[in-house]
Amino acid sequence: MSSSSVLSSSPSFQTFLDLPLKSTPFPRSQLLLFPPPFYKPTAGAVFLCNSTPPNTNSSPSLSDQLHPFSLDLLKQTQPDTNEQNQDNLVLSHKPKSTWINPSRPRPKVLSLNRQRRPPLPYNPDLTDLPRISSRLASVGPDEFSAVIDELLPEPPTRETALLILNSLRPWQKAQQFFLWLRSGKFFELDTIFYNVAIKNLRYGKQFDAVEILATDMIDSGIELDNVTYSTIITCAKRCSKFDRAIHWFERMYKTGLMPDEVTYSAILDVYAKLGKVEEVLSLYERARSNGWIPDAVAYSVLGKMYGEAGDYEGIQYVLQEMKTAGVEPNLVVYNTLLDAMGKAGKPGLARTLFDEMLEKGLRPNEKTLTALIKIYGKARWSKDAIELWDKMKSNNWPMDFILYNTLLSMCADLRMVKEAESLFEDMKKSGRCVPDSWSYTAMVNIYTNSGMGDKALEVFYSMLDNNVEPNVMSCTCLIQCFGKAKRIDDVVKVFDVLIQRGINPDDRLCGCLLSVIAVCKSDQIVKVLNCLTMAKPKLVGLINTLATDDDDDDDDVLKEEFRGILTETVVESRRPFCNCLIDICLNQNFSKQRAQQLFSLGCLFGLYPGLHVKRDREWSLNLRSLSIGAACMAFEAWMENLTACVDKKIDGKESLPNLFSVHTGAGSLKLATGLATSFAEYLEKSAFPFKRSEETPGRFVATKQDLILWIDQLTIQL
DNA sequence: ATAGGGTTAG
């Protein structure tokens with residue numbers, strides 16, 4: 001999971017727990033350290049003339065100059081209405097495309113001409129090359145030097161050396177060969193040699209070595225050109241050293257070299273990967289006003305960025321910009337935008353885009369189809385998914401193992417058991433794709449989702465027989481399934497396999513074990529607790545604390561113990577932990593007070609955001625994503641609150657809304673039994689005045705009158 | 001067959 005979603009999912013949690021904040025890749029102040037461009041200013045680049053020479057930090061940076069520019073844009077496109085202002089704010093970041101061709105020319109940020117490659121000289125002694133290459137490819141690191149000497153008794157020509165260098169993998173060989181060439185001094189190693197060497201190091205993600213080479217170039221006075229910079233920047237990006245990528249980009253301006261569009265798109269992608277949408281847009285617009293006609297690659301970068309942000313308006317903006325610039329989307333752009341549409345939750349528009357792409361005569365590839373299948377699966381559009389699958393077969397569109405696995409996962413989500421089985425057979429017969437742990441896990445998932453535990457176990461064992469390493473998810477699915485079926489011995493059996501195989505039980509799996517403990521009979525609990533002791537002993541300790549009645553002053557003990565566990569738990573498992581622990585307290589007859597304490601700690605730690613919604617006419621309680629026990633605790637706490645509210649406002653009842661509602665959700669395919677049913681049962685057993693809504697499944701309502709009447713009765717009873 | 005940028009699965 002990405003760090004940004006960790007940050008955004010529960011901000012308040014971090015405050016309370018004093019979690020170490022996941023730091024952004026580098027501080028904003030560094031991000032804004034663009035170089036002071038000191039290249040010869042073009043006409044109209046007035047403010048650039050005033051910038052001081054390089055190597056001082058006091059001059060206005062390019063981004064300082066860009067910053068007000070983006071603020072200007074914000075002002076120009078300020079939304080004129082205040083409805084949906086959240087969405088419009090996003091829109092307002094996107095400049096209108098009429099921006100090109102402004103009255104005053106803007107200072108240059110990129111060169112409109114790509115760096116050209118000199119034509120290659122004809123080289124007659126390339127005939128030996130295959131022999132040399134294949135030999136070097138097969139030789140181990142220890143003999144490498146000796147084999148080079150043997151294969152190249154005569155110094156190679158410059159061209160042969162370049163060809164060999166280019167073909168060497170892994171990076172250690174390329175590095176060795178490069179050093180051999182350098183020490184041999186057969187000819188001067190120019191920029192091209194360094195560029196090829198850097199590219200090879202990039203394959204091996206050796207960014208430190210890349211920087212050493214680049215520094216070496218600088219020290220030796222070898223020119224760094226656009227190819228050098230774009231390779232360094234993309235290497236930094238692939239190694240997640242975004243600050244270094246920006247450092248080298250800045251250095252270009254400092255040394256007076258203009259990036260061309262390749263380098264420029266590379267840096268756009270760096271900012272995009274950092275989620276710096278505004279910076280990307282400023283750079284994009286700035287280059288546009290320089291007369292840049294971006295190509296498909298640049299638009300793919302923009303599209304991907306908006307996809308990651310789930311920003312539908314942004315995707316539309318990209319499409320519009322392409323039209324304005326007269327750029328036709330190619331297959332990659334379509335693939336990116338389709339995926340982006342999926343991430344923005346727009347399956348219908350993805351389908352339309354796909355149709356448009358077909359109409360243009362483009363043939364989808366594996367990635368296109370993977371994106372679409374994922375979207376249809378997520379949207380639960382089984383009809384469209386099956387239709388697409390038929391089309392894939394009849395058009396003989398390409399399949400790869402990722403697409404197979406995506407199809408299998410979709411079948412699991414949509415409970416398409418038959419289809420999954422035939423796909424799985426297809427895959428085995430295809431000859432090209434061998435089922436991997438992902439495929440087997442999808443099959444396990446399919447069977448466990450449908451309650452077919454024995455079938456799932458069968459697939460699980462066939463995975464082991466085929467020497468495919470099971471992953472933790474397959475174990476989690478099985479444990480969940482057997483837990484629901486109260487087959488505790490099978491739960492333990494699966495857990496044992498996991499331990500034997502040395503698979504690390506992750507937080508999800510521990511959450512699953514907790515949920516098993518919540519539902520199993522008391523004489524079975526110890527078996528599961530034994531598993532949990534191996535997986536996460538602290539949770540067993542916490543359960544012991546919960547089993548002990550609170551003697552008034554150990555409130556903080558529980559709080560600190562729980563906090564300690566949550567701090568080291570991944571975000572997406574924190575709420576499930578709390579849910580399950582509450583269920584354990586209630587189902588295993590620990591004191592109810594413990595369940596209440598857990599719930600309020602959960603609220604304190606920000607695990608249950610957005611529980612209450614107050615509108616003028618209706619106050620509601622959103623119990624979706626709570627377990628039944630947690631839902632009851634939340635509901636009772638809410639009722640207590642409402643009672644206090646009504647009592648306080650005894651003279652001003654008009655400030656209360658007319659309607660109160662509780663939402664449990666109707667229960668998706670995945671949670672077939674659903675919270676709604678359990679909550680309805682709970683309400684029936686209690687005297688609370690809420691009734692099931694006739695119109696909306698998963699909704700329970702009470703009027704203000706109901707509530708006041710109920711409270712009055714309570715008072716009389718007391 | 002000799003150097004650079006973008007797209008695929010819980």
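So you know, we letter chains A, B, ... as the sequences are listed, proteins then strands, and number each from 1. Keep in mind that the numbers below use all heavy atoms, side chains included, and drop hydrogens, waters and symmetry copies. The shown structure was predicted, so the numbers you read here are calculated from the model rather than taken from an experiment.
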- Item | Selection from B:dT7, B:dG5, B:dT8 that lies nearest to any side-chain heavy atom of A:Asn335 | B:dT7
- Nearest listed nucleotide, side chain of A:Val227, among B:dG6, B:dA3, B:dG5: B:dA3
- Does A:Thr263 make a side-chain donor-acceptor contact with the base of B:dG4, cut-off 3.5 Å? yes
- Nearest listed nucleotide, side chain of A:Val262, among B:dG6, B:dG4, B:dT8: B:dG4
- Message: What contact category does A:Ala197 fall into here, base, sugar-phosphate, or nothing, at under 4.0 angstrom with non-hydrogen atoms?
- Response: nothing
- Query: Hey, does the side-chain of A:Asn330 have a donor or acceptor N/O within less than 3.5 Å of a partner on the base of B:dG6?
  - Reply: yes
- When we call it a touch if two heavy atoms are under 4.0 Å apart, what does A:Val196 touch: a base, just sugar-phosphate, or nothing? sugar-phosphate
- Taking atom NZ of A:Lys205 as the centre, does the number of heavy atoms from other residues, nucleotides or ligands within less than 6.0 Å exceed 12? no
- Report yes or no: does A:Asn226 contribute a side-chain atom to a donor-acceptor pair with the main-chain N or O of A:Asp260 at less than 3.5 Å? yes
- Kindly point out which of B:dG10, B:dG5, B:dG4 is positioned nearest to the side chain of A:Asn471? B:dG10
- Residues A:Phe177, A:Gln172; criterion side-chain contact (heavy atoms from CB on, under 4.5 Å); working and verdict: CA-CA 9 Å; A:Phe177 186 65; A:Gln172 289 92 338; over 6 Å; no
- Query: Hey, is the side chain of A:Thr231 pairing donor to acceptor with the base of B:dG4 inside 3.5 Å?
  - Reply: no
- Query: Would you call the rings of A:Phe424 and A:Tyr440 parallel, tilted or perpendicular if under 30° counts as parallel and over 60° as perpendicular?
  - Reply: perpendicular
- Query: Is there a side-chain polar atom (N or O) of A:Arg238 under 4.0 Å from OP1 or OP2 of B:dG6?
  - Reply: yes
- Quick one: A:Arg116 CZ to B:dA3 P, roughly how many Å, whole number? 16 Å
- Message: Of the options B:dT8, B:dG10, B:dG6, whose atoms approach the side-chain atoms of A:Lys367 most closely?
- Response: B:dT8
- Query: Between A:Phe178 and A:Trp171, does the ring centroid distance fall short of 6.0 Å?
  - Reply: no
- Message: Over all strands shown, is A:Thr368 touching base, sugar-phosphate only, or nothing at heavy-atom distances under 4.0 angstrom?
- Response: nothing
- Message: Check this one for me: any side-chain N or O of A:Lys304 less than 4.0 Å away from OP1 or OP2 of B:dG5?
- Response: no
- Query: Taking only side-chain nitrogens and oxygens of A:Lys374, does any of them come within less than 4.0 Å of OP1 or OP2 of B:dT7?
  - Reply: no
- Separation of atom OH in A:Tyr299 from atom P in B:dG6, rounded to whole Å: 18 Å
- Which part of the nucleic acid, if any, lies within contact of A:Lys237, taking any heavy atom under 4.0 Å across all strands shown: a base, the sugar-phosphate backbone alone, or nothing? sugar-phosphate
- Does the base of B:dG5 carry an N or O that pairs as donor and acceptor with the side chain of A:Arg114 under 3.5 Å? yes
- With a 4.0 Å cut-off on heavy atoms, is A:Ser167 in touch with a base, just the backbone sugar-phosphate, or nothing at all? nothing
- Item | Per A:Asn405 side chain, nearest of listed nucleotides B:dG6, B:dA9, B:dA3 | B:dA9
- Please answer whether B:dA9 and A:Trp438 are stacked, defined here as ring centres separated by less than 5.5 Å and planes angled under 30°. yes
- Message: Rounded to whole Å, please give me the gap between CG in A:Asp269 and P in B:dG5.
- Response: 11 Å
- Task: Mark yes or no for a side-chain to base donor-acceptor pair under 3.5 Å between A:Asp260 and B:dG4, with no hydrogen or angle criteria applied.
- Result: yes
- Message: Rounded to whole Å, how long is the line connecting atom CG of A:Leu369 with atom C1' of B:dT8?
- Response: 10 Å
- A:Ile373 has an atom CD1; how far is it from atom C1' of B:dT7, in whole Å? 17 Å
- Task: For A:Arg508, report the nucleic acid contact type (base, sugar-phosphate, nothing); a contact means any heavy atom under 4.0 Å.
- Result: nothing
- Query: Does atom NZ of A:Lys323 have more than 12 heavy-atom neighbours, drawn from other residues, nucleotides or ligands, at distances under 6.0 Å?
  - Reply: no
- Among B:dA9, B:dA1, B:dG4, which is the nearest nucleotide to the side chain of A:Leu163? B:dA1
- Taking the side chain of A:Thr336 as heavy atoms from C-beta outward, which of B:dA9, B:dT7, B:dA3 is closest to it? B:dT7
- Note on the structure: From CD1 of A:Ile375 across to P of B:dT7 the rounded distance in Å is 16 Å
- Item | Ring centre gap for A:Tyr264 and A:Tyr284 strictly below 6.0 Å | no
- Note on the structure: In whole angstroms, the gap separating P of B:dT7 from CG of A:Asp295 amounts to 14 Å
- Tell me: CZ of A:Arg131 to C1' of B:dA1, nearest whole Å? 17 Å
- Query: Base, sugar-phosphate alone, or nothing: which one does A:Ser409 contact when heavy atoms must sit under 4.0 Å apart?
  - Reply: nothing
